[in-house]
Amino acid sequence: MSQITLTFPDGNARQVPAGITPAEIAADISKSLSKKAISAQVNGAHWDLAWPIDADASIAINTMADENPALELIRHDLAHVMARAVQEIWPDVKVTIGPVRDFGWFYDFDRAEPFTPEDLGEIEARMKRIIAARDPVRTEVWPRDKARAHYEAAGEPFKVELLDRIPGDEPIRMYWHGDWQDLCRGPHLQHTGQIPADAFKLTRVSAAYWLGDNTRPQLQRIYGIAFRNRDDLKAHLKFLEEAEARDHRRLGREMDLYHMQEEAPGQVFWHPNGWTIYTTLQDYMRRKQRADGYVEVNTPQVVDRALWEKSGHWDKYQEHMFIVEVDEEHAREKAINALKPMNCPCHVQVYNSGLKSYRDLPLRMAEFGSCSRYEPSGALHGIMRVRGFTQDDAHIFCTEDQIEAECAKFITFLDSVYKDLGFDSFEIAFATRPEKRVGSDEAWDHVEGALESAIKSVGAPYRIEEGDGAFYGPKLDFYLTDAIGRVWQCGTFQVDPNLPERLGATYIGEDGNKHRPYMLHRACLGSFERFIGILIENSSGKLPFWLAPRQVVVASIVSDADDYVGEVVAALTKAGVRAEADIRNEKINYKVREHSLGKVPVILAIGKKEVEDRTVTLRRLGEKATQVIALDEVTAALGAEATPPDLS
RNA sequence: GCUGCUGUAGCUCAGAGGUAGAGCACUCCCUUGGUAAGGGAGAGGUCGAGAGUUCAAUUCUCUCCAGCAGCACCA
């Protein structure tokens with residue numbers, strides 16, 4: 001038998017017979033490793049202990065102490081155990097696929113009746129029995145024909161389809177958990193008893209399309225979460241609770257920010273508190289943009305279909321547009337309009353009015369543009385995904401040579417905005433030319449090169465998303481990570497030679513001839529609605545002082561303090577602080593509780609002592625400690641704190 | 001849009017084939033209390049909308065609307 005060389009993590013190499021398995025290697029190293037081993041990394045690939053190694057390779061043996069492989073195996077084996085449990089209980093249910101995902105796994109089943117929450121309990125109990133049985137896991141590679149015949153005989157059409165989708169050069173691998181068999185890429189554990197029985201939970205059922213395709217049948221999906229031990233599971237359940245507690249829909253109600261109602265699905269009724277956040281943020285963005293060389297415009301909401309036909313939206317996006325038909329009494333024909341779903345065509349109209357010279361470029365045209373999109377009902381989510389929203393939109397009209405500098409300028413701008421709003425870092429996804437595209441390869445080379453060197457010039461981290469660009473140009477998407485690790489796409493930067501072409505935008509060049517400008521679509525927050533939702537969830541409602549809708553409540557302890565409370569509120573208001581009096585006939589405990597729940601960042605309590613000394617007792621949200629401060633001092637300090645970051 | 005679940009007072013929820021209840025919030029009264037709920041009284045509902053079954057529907061059935069979770073979508 002031929003020999004191969006395996007290299008271990010410590011650098012030692014060893015000659016072994018070809019075809020040896022990691023299990024055999026672990027057994028050879030030590031009895032305890034053999035017992036603890038769960039899988040291996042072979043040339044970096046996750047490797048089943050039972051798979052033979054045929055060529056020289058680097059190898060490392062994994063144990064439960066290796067978090068990533070351990071979690072992958074636990075979750076993947078649980079997917080199989082769950083599918084087995086389901087088929088044991090309901091033998092006619094067809095199985096499909098069950099991948100590992102964040103924090104757990106899911107498995108899709110074909111079954112006429114959806115699973116109920118009670119079913120989940122039964123499945124979970126059955127799974128625990130399978131784990132307790134410590135059933136061995138084994139694997140075999142089958143010829144394609146044999147596997148196909150097997151699944152056809154077993155009446156598992158989805159498995160047959162999966163088989164046909166496995167590329168010809170990949171082995172067809174079968175796994176058994178006890179007697180229950182599944183087609184699976186692997187790797188897996190060695191027996192079901194290795195799965196921690198107290199560290200998983202089935203969380204929910206839902207429908208999902210076969211292969212994610214909404215023209216294919218819907219399947220019943222069961223989700224589970226799993227960890228290496230009970231404590232990790234508990235920690236994750238706590239995390240889910242925490243995420244729910246900071247849900248902007250709940251905080252929006254508790255802080256009295258906005259409401260939504262049936263008559264206007266997907267649209268926001270902003271209350272005074274929420275609108276204060278909105279306008280404060282908008283004022284800030286307006287100052288930032290002005291400082292960065294943007295001009296601001298405003299364009300119509302209701303626009304005749306003719307413009308949308310020219311821009312191409314009527315053709316491609318009509319089902320997402322609110323159509324407005326106006327049938328005037330004496331009109332010869334109905335006017336058909338659409339609420340604008342985006343601002344770009346209107347901005348080109350502004351650009352086109354009057355001749356533009358190369359001296360006007362780059363022209364940075366901004367609008368807090370209210371847009372309406374008929375989003376699918378199932379997509380609506382609080383103020384995060386709505387049908388009526390306002391973008392912090394801008395279009396930069398420029399020459400090809402100006403793209404790089406404009407891109408770098410924008411990334412710098414966005415970086416400073418995100419920092420001011422409490423996000424210290426962001427990631428860029430650079431989407432490059434798709435297969436179906438317009439424009440020459442040279443043009444694409446040039447524009448993509450401009451974007452990439454712009455990113456590099458500002459030193460921002462980025463990843464490339466090959467083929468994900470628009471058909472007319474590449475784009476950058478900017479992702480923020482919030483306080484509990486969720487990722488949000490907010491900013492975008494897109495190069496577009498197409499719309500200027502369609503809508504006939506030109507400028508007079510140095511040579512006296514007409515030229516076509518590029519149009520750069522860019523947004524930093526995305527939409528105010530969504531970004532405010534993100535801000536709320538990121539901060540759990542404890543917004544930075546300058547953005548907090550209610551900044552200070554001045555609360556009386558005794559009614560003798562009422563006049564002085566009024567004086568304090570007036571002084572704070574004069575200093576630019578949003579302050580309000582609470583002189584209700586309630587105990588200070590009650591007031592503190594209520595305003596704490598309302599996420600008011602500062603409570604100033606006023607009793608007899610404060611009146612006499614002309615001081616206040618300050619308490620910050622979330623802190624128990626209080627401090628006594630002179631009125632002049634607190635007014636100056638809070639006034640400074642209320643100043644937006646770009647002005648301080 | 002698809003699948004499932006849900007819709008009762010401002011909020012969180014109970015309830016039942018014979019037209020409704022709790023806690024909190026709200027209003028009034030008592031209480032002037034020192035940092036996360038002081039006490040009492042009162043007011044408040046076309047039970048999401050429409051149709052059907054029934055002597056009788058908020059309750060059962062159907063359709064629609066909206067919300068929630070997931071999927072699909074996000075120009």
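FYI, side chains are in, hydrogens and waters are out, and symmetry mates aren't considered; it's all heavy atoms of this structure. So you know, we letter chains A, B, ... as the sequences are listed, proteins then strands, and number each from 1.
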Let me see the working for Val552(A) and Leu638(A) under side-chain contact (heavy atoms from CB on, under 4.5 Å), right down to the final yes or no.
CA-CA 9 Å; Val552(A) 177; Leu638(A) 291 177; 3.9 Å; yes
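Of the residues in residues 592-613 of chain A, those lying under 4.0 Å from RNA chain B by heavy-atom distance are Val592(A), Arg593(A), Ser596(A), Leu597(A), Ala605(A), Gly607(A), Lys608(A), Lys609(A), Glu610(A).
As a whole-Å value, the separation of Glu118(A) CD from rC5(B) C1' is 12 Å. Distance, Gln627(A) CD to rU35(B) P: 16 Å, rounded to whole Å. The nearest whole Å value for the distance from the CZ atom in Phe115(A) to the P atom in rC5(B) is 14 Å. Glu586(A) has its CD atom 12 Å from the C1' atom of rC26(B), to the nearest Å. Regarding Leu202(A), its CG atom lies at a distance of 17 Å from the C1' atom of rG4(B), rounded to whole Å. Across the protein-nucleic acid pair, Asp256(A) atom CG and rC26(B) atom P stand 12 Å apart, rounded to whole Å. For the pair Gln220(A) CD and rC2(B) C1', the interatomic distance rounds to 11 Å; values are reported in whole Å. When rounded to the nearest whole Å, the span between CG of Asp119(A) and C1' of rG4(B) equals 13 Å.
rG15(B) and rU58(B): their C1' atoms are spaced 11 Å apart (whole Å). When the C1' atom is compared between rU27(B) and rU35(B), the two are found 27 Å apart, to the nearest whole Å. As rounded to the nearest Å, rU6(B) and rC13(B) have C1' atoms that lie 13 Å from one another. For rC47(B) and rG7(B), the C1' atoms lie 10 Å apart once the distance is rounded to whole Å. Across the P atoms, rA14(B) and rC55(B) are found 32 Å apart, a figure rounded to whole Å. Using atom C1' as the reference point in both rC24(B) and rC60(B), the two lie 33 Å apart (nearest Å). The separation of rA51(B) from rC65(B), taken at their C1' atoms, amounts to 14 Å, rounded to a whole angstrom. For the C1' atom pair drawn from rU12(B) and rG67(B), the interatomic distance equals 16 Å after rounding to whole Å.
By the salt bridge (Lys or Arg N to Asp or Glu O under 4.0 Å) test, Asp496(A) is found to be paired with no residue, residues two or more places apart in sequence or in another chain being considered. Every residue two or more places apart in sequence or in another chain that forms a side chain to side chain donor-acceptor pair (under 3.5 Å) with Tyr462(A) is listed here: Glu452(A). Not counting sequence neighbours, the partners of Tyr278(A) by the ring-ring contact (aromatic ring centres under 6.0 Å, His included) test are Trp270(A), Trp275(A), Phe528(A). Every residue two or more places apart in sequence or in another chain that forms a side chain to side chain donor-acceptor pair (under 3.5 Å) with Tyr472(A) is listed here: Gln494(A). With sequence neighbours excluded, no residue satisfies side chain to side chain donor-acceptor pair (under 3.5 Å) with Glu262(A). In terms of the side chain to side chain donor-acceptor pair (under 3.5 Å) criterion, Gln318(A) has no residue partners (sequence neighbours excluded).
For the pair Asp560(A) and Arg253(A), nearest-nucleotide mapping onto RNA chain B gives the more 5' position to Arg253(A).
Within the 4.0 angstrom heavy-atom criterion, base atoms lie near Thr617(A).
In this structure, Arg463(A) satisfies the cation-pi test against Tyr479(A), with its NZ or CZ atom closer than 6.0 Å to the six-membered ring centre and inside 45 degrees of the ring normal. Cation-pi geometry between Arg111(A) and Phe115(A) is met: the NZ or CZ atom falls under 6.0 Å from the ring centre, inside 45° of the normal.
Counting only residues at least two apart or in different chains, salt bridge (charged side-chain N to carboxylate O under 4.0 Å, His left out) contacts with residues 521-534 of chain A are absent.
With a 4.5 Å cut-off on side-chain heavy atoms, Lys201(A) and Leu237(A) count as touching.
Look at Tyr590(A) and you'll find a side-chain N or O under 4.0 angstrom from OP1 or OP2 of rA25(B). Of the side-chain N and O atoms in Lys587(A), none sit less than 4.0 angstrom from OP1 or OP2 of rU35(B).
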Nucleotide by nucleotide, nucleotides 65-75 of chain B touches protein heavy atoms under 4.0 Å in the pattern (B base, S sugar-phosphate only, - none) BSSSSBBBBBB
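RNA chain B contains the following stems of three or more consecutive Watson-Crick or G-U pairs, with both distances under 3.5 Å: B:1-7 with B:65-71, B:10-13 with B:21-24, B:26-30 with B:38-42, B:48-52 with B:60-64.
No hydrogens or angles were tested; on distance alone, a donor-acceptor pair under 3.5 Å links the side chain of Ser559(A) to the base of rU32(B).
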Sequence neighbours left out, cut at 3.5 Å: what donor-acceptor pairs do the side chains of residues 216-225 of chain A make with other protein atoms?
residue: Arg216(A); atom: NH1; partner: Glu161(A); partner atom: OE2; Å: 3.1
residue: Arg216(A); atom: NH2; partner: Glu161(A); partner atom: OE1; Å: 3.0
residue: Arg216(A); atom: NH2; partner: Glu161(A); partner atom: OE2; Å: 3.4
residue: Gln218(A); atom: NE2; partner: Tyr209(A); partner atom: OH; Å: 3.4
residue: Arg221(A); atom: NE; partner: Asp108(A); partner atom: OD1; Å: 2.6
residue: Arg221(A); atom: NH1; partner: Tyr223(A); partner atom: OH; Å: 3.2
residue: Arg221(A); atom: NH2; partner: Asp108(A); partner atom: OD2; Å: 3.0

Ignoring hydrogens and angles, write down the donor-acceptor pairs under 3.5 Å from the side chains of residues 620-628 of chain A, residues two or more places apart or on other chains.
residue: Arg620(A); atom: NH1; partner: Glu641(A); partner atom: OE1; Å: 3.4
residue: Arg620(A); atom: NH1; partner: Glu641(A); partner atom: OE2; Å: 2.8
residue: Arg620(A); atom: NH2; partner: Glu641(A); partner atom: OE1; Å: 3.0

